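All values reported here derive from a predicted model rather than from experimental measurement.
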Amino acid sequence: MGQGTCEDKKSERFAFAKEQQTVGQRLYRLTREAYHQLLHLVRGLFAQGQTCEQILEVIMPA
């Protein structure tokens with residue numbers, strides 16, 4: 001399987017939006033940006049030798 005990327009994909013805009021992002025499109029973009037940052041954090045922590053439990057504690061402290 002090929003590697004996925006986190007780059008933006010173009011989505012169709014509705015005529016009523018008049019070239020403005022809809023709320024759903026903005027939410028989608030912000031969610032992708034948040035996951036992108038989270039994945040970079042996790043990748044860096046794994047590179048430092050952190051375990052899954054240690055990384056989970058960073059992301060969601062008990």
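- Hydrophobic clustering of Ile, Leu, Val, Met, Phe, Trp and Tyr side chains at less than 4.5 Å, counting indirect connections, unites Leu38 with Met60.
- Under a hydrophobic clustering in which Ile, Leu, Val, Met, Phe, Trp and Tyr are joined whenever their side-chain heavy atoms come within less than 4.5 Å, directly or via other members, Leu41 and Phe46 fall into the same cluster.
- Within the model, atoms OH of Tyr35 and CG of Leu30 stand 13.0 Å from one another, a figure rounded to the nearest 0.5 Å.
- Between the CG atom of Leu39 and the CZ atom of Arg32 there is a distance of 10.5 Å, given to the nearest 0.5 Å.
- Atom CD of Gln54 and atom CD of Gln48 lie 10.0 Å apart (nearest 0.5 Å).
- Although no hydrogens or angles enter the test, the distance criterion places no donor-acceptor pair under 3.5 Å between the side chain of Gln37 and the main chain of Ala34.
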### Query
Can you check side-chain contact (heavy atoms from CB on, under 4.5 Å) on Arg29 and Gln25, steps first, answer last?
CA-CA 6 Å; Arg29 183 179 57 80; Gln25 289 167 332; over 6 Å; no

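- Note on Val23 and Tyr28: separate hydrophobic clusters, where clusters join Ile, Leu, Val, Met, Phe, Trp and Tyr whose side-chain heavy atoms are under 4.5 Å apart, directly or indirectly.
- Follow the hydrophobic side-chain contacts under 4.5 Å out from Val58 and you reach Val42 in the same cluster.
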